[in-house]
Amino acid sequence: MPPFAIYPETEQEIQEIIRDGLQSKMSFGIWGRQSKPGWGGDVKSDKELYLDRLSGISSYEPEEMLITAKAGTSLGEIESALAARGQCLAFEPPDYSRFYDRDTSDGSIGGAIACNLSGPRRLLAGAARDHFLAFRAISGRGELFQSGGKVMKNVTGYDLCKIMAGSQGTLAAMTEVTVKTMPRPPMTVSLLIAGIDLEPALQLLEKALQQPLQLSGATYISRSAISYCQLPSLPIDPEPILAFRLEGRHVSIEERFQSLRKILPLGAFQEIQLEPEESQAFWQQLRDLTWLQSSHSEMVWRVTHPLTHLAVFIPMVFGTPEACSYIIDHGGMTSWLVIPEPPARVNAANIYDERQALRDILHSQGPARCIKGSRAARAFFNVWPTDHLSLLGLQKALKAQFDPGNILNPDRLWRG
Amino acid sequence: MDMPLPDYSVLRRRGTIARDLRRRIGSAAVIDDEAALRAFEMDGLTVYRQIPLLAVLPANANEVSSVLEYCHQTGLKLVPRGAGTSLSGGALPIADGVLLGLSRLNRILDIDYPNRAVTVQPGVRNAAISDAVRAQGFYYAPDPSSQIICSIGGNIAENAGGVHCLKYGLTTNNLLGLEIALVTGERMRIGGKTGEGWGYDLLGLITGSEGLLAVVTEATLRILPQPPAARAVLAGFKDIEAAGACVAHIIAGGIIPAGLEMMDRLAIQAAEAFVKAGYPIDAEALLIMELDGVVAEVDNLTEEVAEIARRAGAFFLTVSQNDAERQRYWAGRKAAFPAIGRLTPDYLCMDGTIPRKKLPEVLKGIGRLADEYGLRVANVFHAGDGNLHPLIMFDANQEGQLRAAEALGAEILKLCVAMGGVLTGEHGVGVEKRDLMPLMFSTIDLEHQQRVKCAFDPRNALNPGKVFPTLHRCAELGRLHVHQGRIPFPDIPRF
C-alpha cells in the first residue's frame, strides 16, 4: 500500500492518530517542513505524518530570553520575531532545503531540534540541545507528555530534552518546544586566510582556539568547496580558506581582531577582512552547506572528531586532500566531506573490501553519517559501528520505552 | 521522610556481604564498623541521617565495576556518593544499601590543551581542574559554591551550575565525554572529546540523573582560555523592584554578564557581619555583577552596567579597580550560606527557579509565608537565570521547628512552580523535593521519566527512594494501555 499522508492541525489529532496507529500496527514517518530528506536513515512506514500545520509562536518573552512555539513553526518565522526584538538563536540552525533540492525553503524549529542542527556558532555557543529547555510531545505509546521547564536553570527530573534533541522523531512527535534566545550580536567581522594548506591551517586553528578570542566561527574550506562561493572579496582563483568570525560590540571586536592577527605568521598568506554584510553572507552560506555540491556518484558525509585527529584523518579519507571538496567546521570538531562512492566492481569481494575499509575509516572518529548519496550507499555506510554494540543495546532499550511498537520513524537512527 | 523499607534478609546477610566485597576490593576498602560508617550517614542535607549497610571505597574503575557486579548478582541496592555535599539528600544512604564512595578515584588522567579537554576520575574536586590548568591560562567554567570540596562525579549527577553558568553554561554544556558503569558492572564510553556520541544524547541524559541511572567512572570536560580581564560591580537598592528592573535593563541592553547575583537585606547583613566585604547594610537588595572578556570590552561593559544601575536608582554603587577588590566583592556572596549559619542553629537552603520578572512578587510571597510560619528567611538569587535560594532559619532543637521549616520550604517551592518556575535549578530533587514532583509533572509525565530508569536499572537498585515519589515496577510501566478492549500486539512476549 502506498504511504498515506496525514496533516494534523492539533495536538489532539496527533495523539489520536498515533493511538490508532498503535492499535492497528501502523508505522509513521514523521516530518516537519520536509526540508531535509536523507538526513537520517530511510524510513519505510505505512503512513506519513506531516506536522507543519502545527505552527505558530505560543509565547515570546525577550526579557526572560526564551520563546515557545509549536514544533512545525518555520525557522524564518521564529527568527523574524526574534530579530524584531534584537535577539536571535545562539545555535544558528541551518536551512538545508537548498542542499536537499527542496522547493520549500526553511525547516521547522521542531526539525532543527530533532536533528540537533547547529550552525558555525556551535563552536562558542553550543548545539541546539544546549538551548532546548522544554517540550510537549506524543510518545510512541500515544501519550501526551511534557518535560523541562520554561526557565534556564532546571534540574527537576531527568533531562529528557537532551535525548529528544537529535532523536529524529524516533522517541516521540514533538508538538511544542521552548528554546533559549540570545541578544543579537551588534557587529560581526570575519578574517579569512587564503591559500593555506590543511596542515598549517590546523596548526593555526589549534593556536587560535587556545586564545581568549571568543571566536564564534572557525572553519577551513578546501579549494574545491570554496570555488562555489561567489562573494566579491574572495580571490578570483579559488584558494583554500581558513575563516574566523568575531561577533560582539565594536570595542570588543577591535581588540580581539588585533590579538588574532598577532598569532598569524607575518606575510605568509593573504589576509582578507570581510565587513559585516559580506561576513553575514559568508557564514550563512557556510551554515547552509551551500558550497557542498556533489554529483550522483558522490556521497556527502558529516563526521565528528577531535581537532587534533584531522591531520591524519583527512588524508586517510582522501588520498589527495588538496583536490577534494570538504569543510572543517566548529573549530575542527565537525567535517563535511564529499566522497566519491566506491565504484561497483565485477568481483563482489572487491566491493566489500574497499567499501568496508572506507566505512571503517569514516566510523573511527566519532558519530559519522552519510547525509546525501545513493540509497545503496546510505544503506551500506549508515550502520551502527561494530565497536559500540553494547551502546546500541542501551539505545534500543531507551527507544523501546518510548516507542515499544517501533511505530515512530522506524529505521531512522538504526535498522532493526 | 519516607524511604523504602529495608529488606531484612539483606540486613541479616551483612557479614557475608562484607566478606565477599573484601575478597573483591580488599579489606581496607570495605567499612562495616558502625562508628566509621557515621562518616557517611548524611550529606549536605543534614536533617536526615541513615547509616548504610556498608560503605565501600573502590580504588579504581575496575573495582567500581566489581562492586556493582556483585551487588547486581546478589540483589543489593547502592547509593553512590561523591564528596557528600548534596543539599537535597542525593547521597543519603539507605539501611539495606551499600554506600559506594567514589572519593578514591581522584586522579586527573589527561590534560589536552590542543583539544581543550581534561579527563578526570569522578572523585576529583571541581576546583582542582581549574587549579591544574591555571598556569597554562585555562580554567573550568562551572563553579558551584561548594567547588573547593564537591566532586566532578557529583557535579555531573546534579548538573551543577554556579555563578558563572549564565554566560558559560552548566555542567551539561561543558561535558565532552563519559565513561559510565551500569548497574550490572559493565562499563561503556559515551562521547569523547567532542560532546557528541552515537545515537541518543546519553551524555545529556546522565547529567542531572542524580545517581539513578549509572555510576560515572571517568569524565572529560571542556576547559576554556581564561578571559584577560574581569571586573565586578556592586549596586545597592532601596527596594527589590528597582533591583529587578536593573537586571531586566541589563539583559535588554544585550549584555550577558559573567555573573549576576542578588542578595536581600537579611543575607546582605549576615554576609557583611561575617566577611566585611563592604556591602551596604541598609540596602533592601544588592546586585553583584561581573563582566569578563578583553580589557576594552570589560571597561566598556562595566561603565554601561554602572550607568544602568544608576538610572535604576542604585543608592550605592562601586566598581572594582583591581582583582583583589573584585574578589572582595564576591567574598560576601560566596560566604552567604555559612554567614547565615552564624545567625541560626540550623537552616534549610531551598532551590527553586522562577521567571526573572516574577522575583519581586515571589519575594513578597516568601515574606508572607515566612511570617505565617514564624521563621526568618534570607534570600540569595542568581538574578541572571532566575534560580532562587531562600535560606530558612530555624532551630531543630525547638519542638516542631524542623517540620515547620520543611513545610515552609515546600510552600515556597509550590509558589515557584505556581509562578511558572521549577522545583530545582541546581541542587537536584534528591529526597528533599521528591514528594513535590507531582506539582510540576502529571502522572503520565512522571511515567515517561521513570521508563528511562527502566532502560538502565529495571530493578531499581541505584539510589532508590530518590527523585520520584512513587515506585512503579518496570513491568507495570511497560504495559500499553488497552484501547477499546484490545491490547496492541497481543502475540509479542510481555516482560
Side-chain angles (χ1 to χ4, degrees), chain A residues 19 22-23 25 63-65 86 126 129-130 139 141 143 145-147 149-160 162-163 165-167 183 186 206 209-212 214 249 251-252 254-256 304-308 333 366-367 384-385 388 390-391 394-395 397-398 401-402 404-405 413, chain B residues 113-116 158-159 161 169 173 186 188 192-194 196-201 204-205 207-209 225-228 248 251-252 254 293-297 300 353 355-357 385-387 420-426 428-429 440-441 444-445 448-449 451-452 454-455 467 480 483 488-489:
Chain A
R19 273 206 182 134
L22 201 51
Q23 184 76 34
K25 299 188 196 180
E63 340 70 68
E64 301 297 323
M65 293 204 291
R129 53 88 90 180
D130 293 298
S139 64
R141 312 177 77 88
E143 291 172 340
F145 71 107
Q146 59 186 5
S147 187
K150 293 186 185 173
V151 290
M152 267 186 262
K153 270 172 83 180
N154 176 23
V155 292
T156 320
Y158 300 128
D159 192 349
L160 296 188
K162 295 292 184 292
I163 45 167
S167 64
E206 218 175 272
L209 290 171
Q210 292 184 63
Q211 301 298 312
Q214 296 267 306
R249 296 180 162 214
V251 60
S252 167
E254 270 283 309
E255 192 172 330
R256 289 183 282 141
T304 306
H305 38 58
L307 165 60
T308 56
M333 207 184 86
W384 195 271
H388 287 86
S390 54
L391 184 60
L394 194 47
Q395 305 266 338
L398 260 175
Q401 292 295 335
F402 284 86
L413 285 181
Chain B
Y113 293 107
N115 287 312
R116 288 147 284 125
E158 304 293 342
N159 194 15
N173 312 114
E186 179 190 358
M188 60 178 62
K193 293 195 173 178
T194 62
E196 248 188 66
W198 289 88
Y200 301 127
D201 187 350
L205 181 63
T207 309
S209 62
Q226 287 164 19
I251 306 284
V294 290
V295 173
E297 174 176 21
N300 173 271
T353 309
R356 234 184 282 105
K357 63 175 181 272
D385 53 46
N387 186 203
V422 302
L423 291 177
T424 171
E426 56 187 6
V429 175
M440 257 186 81
F441 299 114
I444 291 186
D445 296 336
H448 276 89
Q449 290 201 38
R451 289 195 192 99
V452 168
C454 294
V467 187
L480 291 163
H483 185 61
F489 313 119

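Atoms considered below: every heavy atom in the structure, side chains included; atoms not considered: hydrogens, waters and symmetry mates.
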Considering non-hydrogen atoms only, spot the tightest contact between [X] and [Y] and give its length.
X: A:Lys153; Y: B:Asn387; value: NZ-OD1, 3.1 Å
X: A:Pro212; Y: B:Val294; value: O-CG1, 4.3 Å
X: B:Leu205; Y: A:Leu398; value: CD2-CD1, 3.9 Å
X: A:Pro367; Y: B:Glu196; value: CD-O, 3.7 Å

Heavy-atom cut-off 4.5 Å, strictly under: side chain, backbone, both or neither for [X] against chain B?
X: A:Ile163; answer: both
X: A:Gln395; answer: both
X: A:Glu63; answer: both

Note, A:Asp159 side chain near B:Thr207 side chain (heavy atom, < 4.5 Å):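 A:Asp159 vs B:Thr207: side chains apart.
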Calculate, to the nearest 0.5 Å, the distance between atoms [atom1] and [atom2] belonging to [X] and [Y] respectively.
X: B:Asn300; Y: A:Ser252; atom1: CG; atom2: OG; result: 9.0 Å
X: B:Asn173; Y: A:Asp130; atom1: CG; atom2: CG; result: 4.5 Å
X: B:Asn159; Y: A:Thr156; atom1: CG; atom2: OG1; result: 11.0 Å
X: A:Leu391; Y: B:Met188; atom1: CG; atom2: CE; result: 6.0 Å
X: B:Tyr200; Y: A:Leu394; atom1: OH; atom2: CG; result: 11.0 Å

Interface moiety of B:Pro227 toward chain A, non-hydrogen atoms closer than 4.5 Å: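 Backbone only.
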Region of B:Phe441 that comes under 4.5 Å of a non-hydrogen atom in chain A: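 Answer is side chain: those atoms of B:Phe441 sit under 4.5 Å from chain A.
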With chain A, which of [options] has the greatest number of heavy-atom pairs at distances under 4.5 Å?
options: B:Lys193, B:Lys357, B:Glu158; value: B:Lys357
options: B:Val467, B:Ile251, B:Val429, B:Val295; value: B:Val295
options: B:Gly192, B:Ala296, B:Pro228; value: B:Ala296
options: B:Gly386, B:Cys454, B:Gly425; value: B:Gly425

Any side-chain donor near an acceptor of the partner, B:Thr353 and A:Asn154, under 3.5 Å: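 There is no such pair between these side chains.
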Pair B:His448, A:Ser139: side-chain N/O donor-acceptor within cut-off below 3.5 Å: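 Present: a donor and an acceptor within the cut-off.
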Ion pair present between [X] and [Y], side-chain N to carboxylate O less than 4.0 angstrom?
X: B:Asp201; Y: A:Lys162; value: no
X: B:Glu297; Y: A:Arg249; value: no
X: B:Arg116; Y: A:Glu206; value: no

Residue pair B:Asp385, A:Val151: steps toward the side chain to side chain contact (heavy atoms under 4.5 Å, CB included) verdict: CA-CA 7 Å; B:Asp385 53 46; A:Val151 290; over 6 Å; no
Residue, of [options], that accumulates the most heavy atom pairs under 4.5 Å with chain B:
options: A:Gly366, A:Gly86, A:Gly126; value: A:Gly366
options: A:Gly157, A:Pro186, A:Gly149; value: A:Gly157
options: A:Met333, A:Arg256, A:Gln210; value: A:Gln210
options: A:Met65, A:Lys150, A:Glu255; value: A:Glu255

Side chain B:Asp445, main chain A:Gln146, donor-acceptor under 3.5 Å: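 A pair under 3.5 Å: yes.
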